[in-house]
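What follows is a set of notes on a single structure, which appears directly below.
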Amino acid sequence: MTKTLEEIKSRALDELRNLNDLNEIEAWRVGYLGRKGTVTQLLRGLSSLPIEERREAGAAANNLKSLLEQALAEKQESLRKAELDKLVQQSRLDVTLPGHHVQVGRLHPTTKILREACAVFVAMGFEVVEGPEVEWDYYNFEALNIPRNHPARDMWATLWIDYQNEAGERPMLLRTHTSPMQIRFMEKRQPPIRVVMPGKVYRHEATDATHESMFYQIEGLAVDKGISMAHLKGTLYEFARRLFGRDRKVRFRCDYFPFVEPGVDMAIDCFICQGKGCRVCGDEGWIEILGAGMVHPDVLRRVNYDPDVYTGFAFGMGLERIPMLKYGIDDIRLFYSNDLRFLEQF
Ligand code: PHE
């Protein structure tokens, strides 16, 4: 009996040592320790032994059983570990694989031109200030010499806010230009003033390739003793050259805005055809880019500046116009329709 046990033991252990997958090991377990396995049979056979032998043989057989069970557990454990190691090996970082492409965001073309324009004025000593997009009639019109029922209001198709004051008036609107910021700024500060004020403006307009109901303007204002039209021209000339190229020419023509006197519009010579006439400038050779003028004395008086002491110039321009001209964008609606195919080009 003991001899049989020894034989079984060394055979089983030998076999087990050479196994190296979990299925084979399971077969081995069934073969030795399963319901009909060698060791199980052996234990069952004990009952046929004479009493005297049974005790000793039983202990030895049980010993063998637990020995094999332990060997099995160890083998399973080491195999599992080996398998895990293999998996880790296989999943190691392969530095030769191409990397994942990370999408980097970018600035909106309007943000870019806004920053570019502000930087030019900052370099000339202007500060940058922002203000409210929901505005009072007073700032948007009245304080700018555009009284109620004045035909000049027709220049700005206005979006009114549905709000009535005690007098039954509707004095609130979405600002139609950034010029109300001239008043707000002058109310708060005393000259000398050099400031640019960019931001969104709104118009009650049917949209088309050149009209949006929301777009950006940048407003400029300089007030001091002795500010003249020469300062206006010098400043805007420099701006045009920095944004559109050093050899730009500018042209000033008379224009009407109720809050400046005299009022002008400024054009640059077409940077595509150098003024000869082309599709971009509509065969004009000139491209109008902004409105400007000397701050009207009545506007200065309204903010308690003495027009005999102080004078100033102001200008306002649409921002989208600039990248449209620069990059040949033929529809302003592209800017705010969130089409990545458009936006990713900038
Ligand atoms: N606010 C004017 C407009 O929107 C432009 C302008 C600003 C003109 C400042 C003169 C001075 O058309």
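This one's a predicted model, so the numbers in the text were calculated from it and none came from an experiment. Whatever order the structure lists ligands and atoms in, that order sets their numbers, starting from 1.
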Shortest protein heavy-atom distance from [atom], along with the residue and atom involved:
| atom | value |
| --- | --- |
| atom 7 (C) of ligand 1 | Gly316 N, 3.3 Å |
| atom 3 (C) of ligand 1 | Trp156 NE1, 3.8 Å |
| atom 4 (O) of ligand 1 | Gln217 NE2, 3.0 Å |

- request: Test ring pair (Phe, Tyr, Trp, His ring centres under 6.0 Å) on His108 and Tyr336 and set out the steps.
  value: CA-CA 10 Å; His108 191 278; Tyr336 307 114; 5.5 Å; yes
- prompt: Do Tyr138 and Arg302 have side-chain atoms, one donor and one acceptor, less than 3.5 Å apart?
  reply: no
- prompt: Among side-chain atoms of Gln190 and Tyr310, is any donor-acceptor pair under 3.5 angstrom?
  reply: no
- prompt: Would a 4.5 Å heavy-atom cut-off, applied to side chains only, mark Thr40 and Arg35 as touching?
  reply: no
message: For a 4.5 angstrom cut-off between non-hydrogen side-chain atoms, does Arg54 reach Pro50?
response: no
Any N/O pair Glu219/ligand 1 closer than 3.5 Å: no
- prompt: Which atoms of ligand 1 are found less than 4.0 Å from any heavy atom of Phe257?
  reply: 8 (C), 10 (C), 12 (O)
Consider ligand 1: state whether an atom of it lies below 4.0 angstrom from any non-hydrogen atom of [X].
| X | answer |
| --- | --- |
| Gly263 | no |
| Arg203 | yes |
| Gln182 | yes |

message: Under a 4.0 Å threshold between the charged nitrogen and the carboxylate oxygen, would Glu212 count as salt-bridged to Arg203?
response: no
task: State plainly whether the residues Asp224 and Arg194 are in salt-bridge range, i.e. N to O under 4.0 Å.
output: yes
message: At under 4.0 Å between heavy atoms, is it the side chain or the backbone of Phe315 that contacts ligand 1, or both, or neither?
response: backbone
